[in-house]
There are 2 protein chains.
Amino acid sequence: MRREFKKKSKVLLIDDNYEHLVGIRELLNLEGTFDVVGIATNINVGLNLIKKYQPEIVLLDMNMPEKDGLQGILEIAKLDLDTKVLALSGYDDADLIFRAMKIGAKGYVLKTMASAQLIYAIEEVLNGKIYLPLALSSRFFEYFQQSFREETAKQETEEENLLSYLTQREEEVLELLTQGITYKGVANKLFISETTVKTHVNNIFQKLQVNDRTQAVLYAINNGFLSKKIKLTA
Amino acid sequence: MRREFKKKSKVLLIDDNYEHLVGIRELLNLEGTFDVVGIATNINVGLNLIKKYQPEIVLLDMNMPEKDGLQGILEIAKLDLDTKVLALSGYDDADLIFRAMKIGAKGYVLKTMASAQLIYAIEEVLNGKIYLPLALSSRFFEYFQQSFREETAKQETEEENLLSYLTQREEEVLELLTQGITYKGVANKLFISETTVKTHVNNIFQKLQVNDRTQAVLYAINNGFLSKKIKLTA
DNA sequence: AAAGATATAGACCACATGGTCTATGAAACG
DNA sequence: CGTTTCATAGACCATGTGGTCTATATCTTT
């Protein structure tokens, strides 16, 4: 292992379970390549220690009372010290894993996993990689895909999507409405009279079954009206 | 391996490179546990074969002329036959991997990888799992996190976020506005007079530097006003 | 040729919305 | 204890918005 000659990596532990905290510290000390610069049983104390010691990596328990781990990740990120966060948890809750990774955790390890795997995870993260055990990444991907299925489902079911009944001209008008433009503004942009715009808008209301522009705009946004155009470019 | 006594799994291959296509077929035939029911050098032919043979899994090349692989995944999904798609590609393009997984690929394998790994990937996918080689999942996660950093950045920069200047009451009012409710409706919901609502709304306009409710709602949506509350519950 | 859909536009009206100004009681802050 | 902030609310007015009805010119479809 090449790290042996390097400076030890500074590690900080945050977990509301003191026993577990001490256990991990012992484990890492035995390993010899880590320097556990501090331990804390809650986020706020942990944040202060991070500011003080600037560890390369923080092992952060996700399931804590008071402030939960997700909030912790965000607040550590806000310190802007490129401290890497490895999330620890007792449960393989797909939603929690997903959200932790989404907001920037560099890895997620279950407490039930073998200590060798924890060590490996820490080293991978220290080397700039992202580490998720196979079992967890599988759950992650399922959740990931599901969350997008729901999103795209709206646009796919064109039969039920009232937006599909709009004419081309009405779509143009609606697009301008989603930019918060008045009748007069739309009229100028499209080179038509204000009353014509009103007619179009009224027809749009009928088709979308709404009563005012705000509701129409909200319907458009929630039903993938804007993303149609975005998806073609990005 | 328990599969030996099971019925062979039907596999279909789509790749514009005929040499490669035949190579994989040979490999899978040698393995003995797969039944390659068809091969195609373009998506449209492939789709017809899928309809005809209803394979459990399709190995789909991502880098094809004409219709690209992403489109292919979507069209296979549209057949609604729970055909699993394992994406094949010559390049470990993070964006392509991300998008393929996003729209429902069950795995992604590089052509340069060892054949044993391809076999393993196919079996994992057939067993209902999602398989990404470690090297690719690492890239995937980087891309994943980056795409969310941009999104959350808006909410993090509270100094520039005009929403942070709103009082609690104003936030309540704004939230109701984002549901397309009128002054009168808001007044009833909050048990205050209509004029009070108007005062609040006017103050909101000032703070958000907009001229009407539609613009205010759009500002709120584009600057993470709604996601604040969602993130705490969902 | 007739029917239907679409884009255009005017008239009229009710009312919702937005702008401005003033004012009061409560709570927070120094 | 004064000052500031906030939530409350009234009055007044201009205008934007939405509802309805009618009408014409194209264009497509039958």
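What you see is a predicted model, and the numbers here were worked out from it, not measured in a lab. Letters A, B, ... are given to chains in the order of the sequence lines, protein chains preceding strands, and every chain is numbered from 1.
Within the nucleic acid shown, B/T196 comes within 4.0 Å of at least one base atom, counting heavy atoms only. Residue A/T195 is in base contact, counting any heavy-atom pair closer than 4.0 Å across all strands shown.
Contact annotation: A/Y183 side-chain N/O to D/dT15 OP1/OP2 distance is not under 4.0 Å. For B/S193 and D/dG10, the shortest distance from a side-chain N or O to OP1 or OP2 is below 4.0 Å. OP1 or OP2 of C/dG19 lies within a sub-4.0 Å distance of a side-chain N or O belonging to B/N202. The side chain of A/T167 contributes an N or O atom lying less than 4.0 Å from OP1 or OP2 of C/dA7.
The distance between atom CZ of B/R213 and atom C1' of C/dG18, rounded to the nearest whole Å, is 10 Å. Across the protein-nucleic acid pair, A/Q168 atom CD and C/dA5 atom P stand 18 Å apart, rounded to whole Å. To the nearest angstrom, C1' of C/dA7 lies 13 Å from CD1 of A/I204. Atom-to-atom, NE2 of A/H200 to C1' of D/dG18 comes out at 16 Å; the value is rounded to the nearest Å.
Scanning atom types as modelled, no donor and acceptor separated by under 3.5 angstrom connect the side chain of A/K184 and the base of D/dG16.
A/G72 and A/L60 get closest at one heavy-atom pair: C-CD2, 4.0 Å.
The 5' end of DNA chain C is approached more closely, in terms of each residue's nearest nucleotide, by A/K207 than by the other of A/E194 and A/K207.
Other residues, nucleotides and ligands place more than 12 heavy atoms under 6.0 Å from the NZ atom of A/K10.
Ion pairing between a basic and an acidic side chain is recognised when a charged N comes within 4.0 Å of a carboxylate O; A/E172 and A/R169 show such pairing.
By the 30° and 60° cut-offs, the orientation of the rings of A/F141 relative to A/F144 is perpendicular.
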